[in-house]
Amino acid sequence: MSKGKLFVISGPSGSGKSTLLAEVLEKLENNFFSVSATTRPPRPGETDGVSYYFKSPAEFKKMIENGEFLEYAEYAGNYYGTPAAPIIKQLENGKDIFLDIEVQGALQVRSKMPEAVLIFAVPPSFSVLEKRLRNRSTESERIIMMRLEAARIEYKKASEYDYVVITDKPGDAANEIISIVKAEKCRFAERKYLLDEAFDRA
Ligand code: 5GP
C-alpha cells in the first residue's frame, strides 16, 4: 500500500477555501481533513472538534510546550496550530491529508515535510476578497482590516507554493484541486511500489 500524501491549502481569509475544500473532500476518496486547534472564539454554527478544537491561550501554550503541533502560527490576533499525531497516523494508513492553514504555517510544513504539496487559493481580485469578508459579517471592522492586511502579506508568499487556484467559480476551483491531487499521485515516487510489485511478479 502506498503512503498517503499531504496537501496544504492556503489563501486569504474570505477566499472561499473552506467551501472549496468541503467540495473537494466530498469528491475524493480516502482522505482526512486535519482539524486545527485555535484560540479564536467559535463563530455561530462552529462545533468544537469539527470546525476546530477551541482552546484557551493557556491550553494552546501547553500544547506548544508538549510539542504537539506539526506547525502553529499567530494570525490576526489568534493562535492556530495543526496537531501532529493524527497526521502521522493517517499518512501511515494511506490517507491523503488536507490542511487548511495560513502561509506561515504552510511554510513550516514545507520545511518539515518537503514532499508536501502546497496549493494557494485566491479570489479573482482584492475587491472580491474584501466584499466576501464583509458579507460574511462575522467579524468586527478591526478584525476585517487585520485580515485584509494579512491577505496582502500572504499574496507576496504565493510564489513559494506549487500551485495556484482561483476561487472564482467554486466548482471549477474544486475540479482543479482534484486534478492536482490525481496528478501528484501519478508521480514516479508515488507509483514506484506498483512497478516494484509488477516486476517482482514477472
Ligand atoms: P479562520 O479564523 O477564518 O477560521 O482562519 C483564519 C486563518 O487561519 C485561515 O487562513 C486558516 O486557513 C488559518 N488556519 C486555520 N487552522 C490553522 C492551523 O492549524 N495553522 C495555521 N498556521 N493556520 C490555520
Distance-minimising heavy-atom pair for [X] and [Y]:
X      : Y      : value
Lys17  : Gly11  : NZ-O, 3.0 Å
Ser36  : Ile101 : OG-CG2, 4.5 Å
Pro123 : Val128 : CB-CG1, 4.2 Å
Pro86  : Pro83  : CD-O, 3.5 Å
Gly81  : Phe60  : N-CZ, 3.6 Å
Lys55  : Ala37  : CG-CB, 4.1 Å

Under a single-linkage definition using a 4.5 Å side-chain heavy-atom cutoff for Ile, Leu, Val, Met, Phe, Trp and Tyr, are [X] and [Y] assigned to the same hydrophobic cluster?
X      : Y      : value
Val8   : Val181 : no
Phe126 : Ile166 : yes
Val164 : Leu129 : yes
Val24  : Phe120 : no
Val165 : Val117 : yes

Whether [Y] and [X] form a salt bridge (side-chain N of Lys/Arg under 4.0 Å from carboxylate O of Asp/Glu) is what I want to check.
X      : Y      : result
Arg40  : Glu46  : yes
Glu141 : Arg134 : yes
Glu115 : Lys5   : no

In sequence, state the C-alpha distance, the side-chain angles, and the governing distance for Ile178 and Leu28, and then conclude on side chain to side chain contact (heavy atoms under 4.5 Å, CB included). CA-CA 7 Å; Ile178 290 166; Leu28 284 175; 4.0 Å; yes
Under 3.5 Å, is there a donor-acceptor pair between the [X] and [Y] side chains?
X      : Y      : result
Gln90  : Glu92  : no
Ser125 : Ser127 : yes
Tyr72  : Thr82  : no
Tyr163 : Glu184 : yes

Between Phe69 and Tyr80, ring centroids under 6.0 Å: no
Taking the six-membered ring for Trp and the single ring otherwise, decide whether the centroids of Phe98 and Phe33 are under 6.0 Å apart. no
Taking it one step at a time, do Leu99 and Ile87 satisfy side chain to side chain contact (heavy atoms under 4.5 Å, CB included)? CA-CA 10 Å; Leu99 268 57; Ile87 292 189; 3.7 Å; yes
Side chains of [X] and [Y] in contact at under 4.5 Å (non-hydrogen atoms):
X      : Y      : value
Leu107 : Val103 : yes
Glu130 : Leu148 : yes
Leu195 : Phe188 : yes
Arg110 : Glu160 : no
Val122 : Pro12  : yes
Asp96  : Leu91  : no
Arg147 : Ile143 : yes

Can you tell me if [atom1] on [X] sees more than 12 non-hydrogen neighbours from other groups inside 6.0 Å?
X      : atom1 : result
Lys185 : NZ    : yes
Glu26  : CD    : no
Lys27  : NZ    : yes
Tyr161 : OH    : yes
Arg43  : CZ    : yes

Go through the steps for Tyr53 and Val35 under the test side chain to side chain contact (heavy atoms under 4.5 Å, CB included), then give the verdict. CA-CA 7 Å; Tyr53 297 107; Val35 178; 3.6 Å; yes
If you round to the nearest 0.5 Å, how far is [atom2] of [Y] from [atom1] of [X]?
X      : Y      : atom1 : atom2 : result
Asp100 : Ile119 : CG    : CD1   : 11.5 Å
Leu118 : Lys157 : CG    : NZ    : 12.5 Å
Ser34  : Lys95  : OG    : NZ    : 14.0 Å
Glu23  : Ser18  : CD    : OG    : 12.5 Å
Lys112 : Leu6   : NZ    : CG    : 12.0 Å
Ser10  : Glu154 : OG    : CD    : 7.0 Å

Please report the C-alpha distance between Thr19 and Thr167 in whole Å, then the side-chain angles of each, then the deciding distance to 0.1 Å, and finally whether the side chain to side chain contact (heavy atoms under 4.5 Å, CB included) criterion is met. CA-CA 10 Å; Thr19 319; Thr167 59; over 6 Å; no
